[in-house]
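Working notes, structure below.
Just follow the structure's listing: the first ligand is 1, and inside any ligand the first atom is 1.
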Amino acid sequence: MLLHNISNNLSDTLRHRREKLAQLIDFPVILWSGSNSPRNFRANTYPFRASSHFLYFAGLPLHNAAIHLDAGKLELFMDDPEPGSALWHGETPKREEIAAKIGADVARTLSELKHRGSGAASIPVQNYRTSLVQAQILHREIASPSNLAGLDLELAKAIVTLRLTHDAEALAELRQAAAVSVAAHKAGMAATPKAKREAEVRAVMEGVIIAQNMTTSYNSIVTVHGEVLHNEAYHHPLQPGDLLLADVGAETEMGWAADITRTWPVSGKFSPTQRDIYDVVLAAHDACIAQIRPGVEYRDIHLLAATTITEGLVDLGILQGKPEDLVEIDAHALFFPHGIGHLLGLDVHDMEDLGDLAGYENGRTRSDRFGLSYLRLNRPLDSGMLVTIEPGFYQVPAILNYADNRAKYQNVLNWERLSQFADVRGIRIEDDVLVTAEGSEVLTAALPNDAETVENLMAHISN
Ligand code: GLY
Ligand code: MN
Ligand code: MN
């Protein structure tokens with residue numbers, strides 16, 4: 001971790017976050033950053049990602065560090081690099097320098113954390129080696145996210161309260177992540193007509209992100225098989241009649257994420273059937289964004305997407321019946337089986353390491369309905385929240401061929417008509433939408449999403 005490119009406001013922002021935490025809880029907290037895992041020997045490691053809860057209060061992606069927070073005071077615990085470290089990793093900043101950057105009141109060695117664990121709350125870390133240290137320091141096993149109890153649960157709820165809405169420093173980072181992701185998608189569109197395989201487009205898109213010294217905020221999805229929701233294969237050839245679905249987002253050096261999906265035709269021109277379905281998905285996308293404002297229930301946004309997609313599919317003759325009735329029986333989920341989106345922040349599915357604690361309003365639990373069970377966010381929207389809006393249409397063989405679905409939906413699904421849309425395997429359109437006092441702001445709006453502009457852009461930029 002080098003101390004370059006760090007905003008002058010960082011320590012003020014971190015102090016505000018600590019002060020807000022201190023207004024919500026009155027017990028000490030220890031948060032660990034995590035450590036990097038060796039691949040085969042100690043200096044050859046898997047990519048390191050600091051814990052997001054640590055990042056929120058410590059600001060920097062430090063390796064193998066912990067912070068102790070109490071009544072607004074910040075103590076940093078980390079060891080200075082071992083003498084041999086500079087040979088492999090170069091000179092890295094010392095503990096005292098880092099402490100000054102983040103506005104820590106005190107900087108101590110890790111061994112000094114030993115007697116500070118009793119009575120402190122924490123959040124389960126996701127890194128195994130760090131979880132052993134955590135249990136040792138706290139003198140207890142820390143429960144899994146779904147079983148958090150006592151002070152740990154109180155802490156998790158307080159952190160959710162803070163991280164649900166974004167402060168100015170976070171928003172500046174999120175805007176940067178969005179802008180770089182937009183550039184990556186434009187480069188992907190430009191590269192597609194000449195590319196032979198998905199991997200080439202992925203390389204171009206990630207190249208834009210890497211060139212900004214950022215990383216991807218999740219494993220990129222760049223595929224002609226968009227019906228595989230989190231497809232991580234990149235070997236398929238690109239054929240002129242294919243649609244390419246690219247779900248690629250950047251993550252800033254401080255860990256803040258973007259999450260964008262576009263679906264474009266490999267040839268640069270949608271077929272009439274692809275265009276029909278694309279416009280249905282876009283109508284749902286636009287209808288949802290138009291409704292976003294404080295106080296609106298995100299579940300209602302999801303149901304609006306379901307209804308809009310169902311209306312479109314009825315108009316195209318793929319589904320038969322009244323759209324509202326079809327949504328009641330979850331017929332939309334045959335083609336739109338996931339939720340309309342999720343929280344976005346330091347993680348792409350923000351705070352899902354805490355199960356549904358962040359996504360679901362207190363007292364609400366997941367529905368087991370086919371058309372609602374993957375809804376990741378079910379709470380009223382509030383100004384300062386960042387959410388994704390990502391409706392889609394997919395022909396997933398495992399869903400469409402499932403005998404129970406065949407039986408249940410045999411009277412509402414026109415198979416013959418559907419067969420005419422065989423060149424549409426998967427379409428998703430995903431943008432990052434900030435809830436504002438007046439309504440919303442689409443942070444990723446610089447990337448076009450209507451079919452004609454996408455076609456024009458491809459024609460313009462790929463030559
Ligand atoms: N990129 C993963 C998602 O959209 O949820
Ligand atoms: Mn998403
Ligand atoms: Mn996505």
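Residue Glu430: an N/O/S atom is found under 2.8 Å from the Mn ion (ligand 3).
Closest heavy-atom approach to atom 1 (N) of ligand 1 among the candidates Leu344, Asp259, Thr216: Asp259.
When you scan the N, O or S atoms of Asp259 for the one nearest the Mn ion (ligand 3), you land on OD1.
Checking only distances, Glu430 does come within under 3.5 Å of ligand 1, N or O to N or O.
The only member of Arg202, Arg262, Arg428 that meets salt bridge (Lys or Arg N to Asp or Glu O under 4.0 Å) when paired with Asp247 is Arg428.
The cationic atom of Arg175 (NZ for Lys, CZ for Arg) does not lie both less than 6.0 Å from the six-membered ring centre of Trp256 and within 45° of the ring axis.
Close contacts between ligand 1 and His230 involve ligand atoms 2 (C) [criterion: under 4.0 Å to a heavy atom]. For ligand 1 and His342, the ligand atoms under 4.0 Å from any heavy atom of the residue are 3 (C), 4 (O), 5 (O). In the vicinity of Asp247, heavy-atom distances shorter than 4.0 Å reach the ligand 1 atoms 1 (N), 2 (C), 3 (C), 4 (O).
Distance check: Leu357 CG to Asn362 CG gives 8.0 Å after rounding to the nearest 0.5 Å.
Rounding to 10°, one obtains 90° for the angle at the Mn ion (ligand 2) between OE2 (Glu390) and NE2 (His342).
Nearest heavy atoms, Ile318 versus Leu413: O-CD1, 3.4 Å.
Summarising the local packing, OH of Tyr374 is surrounded by 12 or fewer heavy atoms from other residues, nucleotides or ligands at distances under 6.0 Å.
Proximity of Arg428 to ligand 1 is not established, as no heavy-atom distance is less than 4.0 Å.
Although no hydrogens or angles enter the test, the distance criterion places a donor-acceptor pair under 3.5 Å between the side chain of Arg366 and the main chain of Ser373.
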